[in-house]
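Chain letters run A, B, ... following the sequence lines, proteins first and then strands; every chain starts at 1. In this text the structure is predicted, and so the values were computed from the model without any measurement.
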Number of protein chains: 2
Amino acid sequence: MSGSTTQGSSGKLTLGQYLASIRTDRKLTLRQVEEATNKEVSNAYLSQIENDKIQQPSPNVLHALADIYVIDYGQLMEMAGYITQAKARSQGQRHGRVATFANHTLTPAEESELMDYLKFIRSRKKTSDKS
Amino acid sequence: MSGSTTQGSSGKLTLGQYLASIRTDRKLTLRQVEEATNKEVSNAYLSQIENDKIQQPSPNVLHALADIYVIDYGQLMEMAGYITQAKARSQGQRHGRVATFANHTLTPAEESELMDYLKFIRSRKKTSDKS
DNA sequence: AGTGTATGCTTGATATACTTAGCATGCGTC
DNA sequence: GACGCATGCTAAGTATATCAAGCATACACT
């Protein structure tokens, strides 16, 4: 029951949620992705990944997806629980997580709405210290 | 370079041969390595890897070995047949308007909240569509 | 109605990484 | 010789990623 696909506003996105959000954002179907990856990732399997039925997809699968979505392979690797070489890069914070949004195609209207909402979120939290 | 251990006069070393040569060089036993990796890699399994019975050990196993041997993780990954970030080609085009968000450093929580909100926005608009 | 088609998802089967137990040989000491 | 015991390895089992096929619903069109 319940269990909408969103996992609430508390935690991070899972790998599956992340991949699903990107695909739907780009308005691609499971089978289109399967085609785009040259059958490297079947639509059935992608469905399982997006629903977190697969605990740790292989690097090759992740690479194929990163390839067609044009997103960062290393990020997918980390999300999947793999240890990557760039594990000690806690300094270059300028990018990194924001990549999530950078990889979504937002309309100007949406972007503006989100900017407002971000302001709202931050104003709510302002009472407590920043971390 | 390299050449100090038993390398076939033929071509490159396989992953297993490479790992075995390092271990014997260091005069370690399979069970010592198993201990050193905190049982992350069992001696039985390491034996299979060294004899190329395992086609593609998982990145986590490779990382554990790279760790205790103090060798390059990425090299092991490539030897095992994984594609690494080194292969990353052109980053491709960036989505211009998203730059606004890219310049904001979002916390994971904020990012997640915004993702939910974006879904909400789009679900509202769903009734009207045109192409 | 009905027929087709697209979409997401599930189900059963297979491949293979990985584990646990044990084998075989060698090397030492009695 | 027999008893330990360390070393590399193997055999059988479990877990899980991945595939091929199909199901269910929704949407379109006649």
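Comparing atom distances between the B:L30 side chain and each of D:dG8, C:dC9, C:dT7 picks out D:dG8 as nearest.
Residues A:Y73 and A:T84 fail the side-chain proximity criterion, which asks for heavy atoms closer than 4.5 Å. At a threshold of 4.5 Å between non-hydrogen side-chain atoms, the residues A:T29 and A:N43 do not count as touching. Annotation: side chain of B:L30 is in contact with side chain of B:R23 (closest heavy-atom distance under 4.5 Å).
Among residues at least two apart or in separate chains, salt bridge (charged side-chain N to carboxylate O under 4.0 Å, His left out) pairs with a member in residues 30-46 of chain A are A:E34-A:K39, A:E35-A:K39.
Every residue was checked against the ring pair (Phe, Tyr, Trp, His ring centres under 6.0 Å) condition with B:Y18, not counting sequence neighbours, and none meets it.
Across all strands, A:S47 comes closer than 4.0 Å to base atoms (heavy-atom distances).
Atoms CG (B:D52) and C1' (D:dT10) sit 16 Å apart, rounded to a whole Å. Here the P atom of nucleotide D:dA6 and the CG atom of B:L28 are 16 Å apart, to the nearest Å. Protein atom CG of B:N51 is 17 Å distant from nucleotide atom P of D:dT7, rounded to whole Å.
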Strictly under 4.0 angstrom, non-hydrogen atoms only: write out the protein contact profile of nucleotides 16-22 of chain C, one letter per nucleotide from the 5' end, B, S or -.
SSBBBBB
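Each of A:V41, A:L46, A:I49, A:L19 was evaluated against A:P57; a single residue qualifies, A:I49, per the side chain to side chain contact (heavy atoms under 4.5 Å, CB included) test.
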